[in-house]
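For this chain, numbers begin at 1 and follow the sequence in order. Excluded from the calculations below are hydrogen atoms, water molecules and symmetry mates; all remaining heavy atoms, backbone and side chain alike, are included.
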Amino acid sequence: MQTNYKRDDESGKTIRNEVEIIILLYGQVVDYDYINSRFEISPKTFKRDMEGIKIAVETIFDEDARLIKIKNKLAYKLYIPHKPLFLY
């Protein structure tokens, strides 16, 4: 099922941000073209979304994780380093 949310949809922003976060948490790249095809947003709005997600990631993970911009593309990937497993 594919649903396109329009700009005037009240829940569109919330759903869009949740979709972006889920994509990132699954280890995938979230890119503007994909998000724009479903939510019809401007590049500036996408960048603003990523800034909000960046702040959320820093709040939860401190400096352990970061949002990485993909070169030559309006896209981002979430980097979360694996913590070593200690056996006691």
Original post:
Measuring from Ile41:CD1 to Lys13:NZ, what's the distance to the nearest 0.5 Å?
Top reply: 10.0 Å
Subject >> From Ile23 atom CD1 to Tyr76 atom OH, the distance as rounded to the nearest 0.5 Å >> reply: 14.5 Å
Subject >> Spacing of CG belonging to Asp31 relative to NZ belonging to Lys73, to within rounding of 0.5 Å >> reply: 4.5 Å
**OP:** Please round to the nearest 0.5 Å and tell me the distance separating atom CD1 of Ile53 and atom CG of Leu25.
**Re:** 9.0 Å
Original post:
Do Phe46 and Asn36 come close enough that some side-chain heavy atom pair is under 4.5 Å?
Top reply: no
Original post:
What heavy-atom pair brings Lys47 and Leu74 nearest, and what distance separates the two atoms?
Top reply: CE-CD1, 3.8 Å
**OP:** With rounding to the nearest 0.5 Å, note down the distance linking OH in Tyr32 to OG in Ser37.
**Re:** 10.0 Å
Original post:
Is there a side-chain contact between Ile15 and Phe39, using heavy atoms and a 4.5 Å cut-off?
Top reply: yes
Subject >> Val19: which of Thr14, Ile35, Val30 passes side chain to side chain contact (heavy atoms under 4.5 Å, CB included) >> reply: Ile35
**OP:** Kindly state each residue pair satisfying side chain to side chain donor-acceptor pair (under 3.5 Å) with at least one member in residues 49-59, sequence neighbours excluded.
**Re:** Arg16-Asp49, Asn17-Asp49
Original post:
Taking a hydrophobic cluster as the set of Ile, Leu, Val, Met, Phe, Trp and Tyr residues connected by side-chain heavy atoms closer than 4.5 Å, whether directly or through intermediates, do Ile60 and Leu67 fall within one such cluster?
Top reply: yes
Subject >> Beyond-backbone contact of Leu78 with Val57, side-chain heavy atoms, under 4.5 angstrom >> reply: yes
Subject >> Joint cluster assignment, Leu24 & Ile80, ILVMFWY side-chain distance < 4.5 Å >> reply: yes
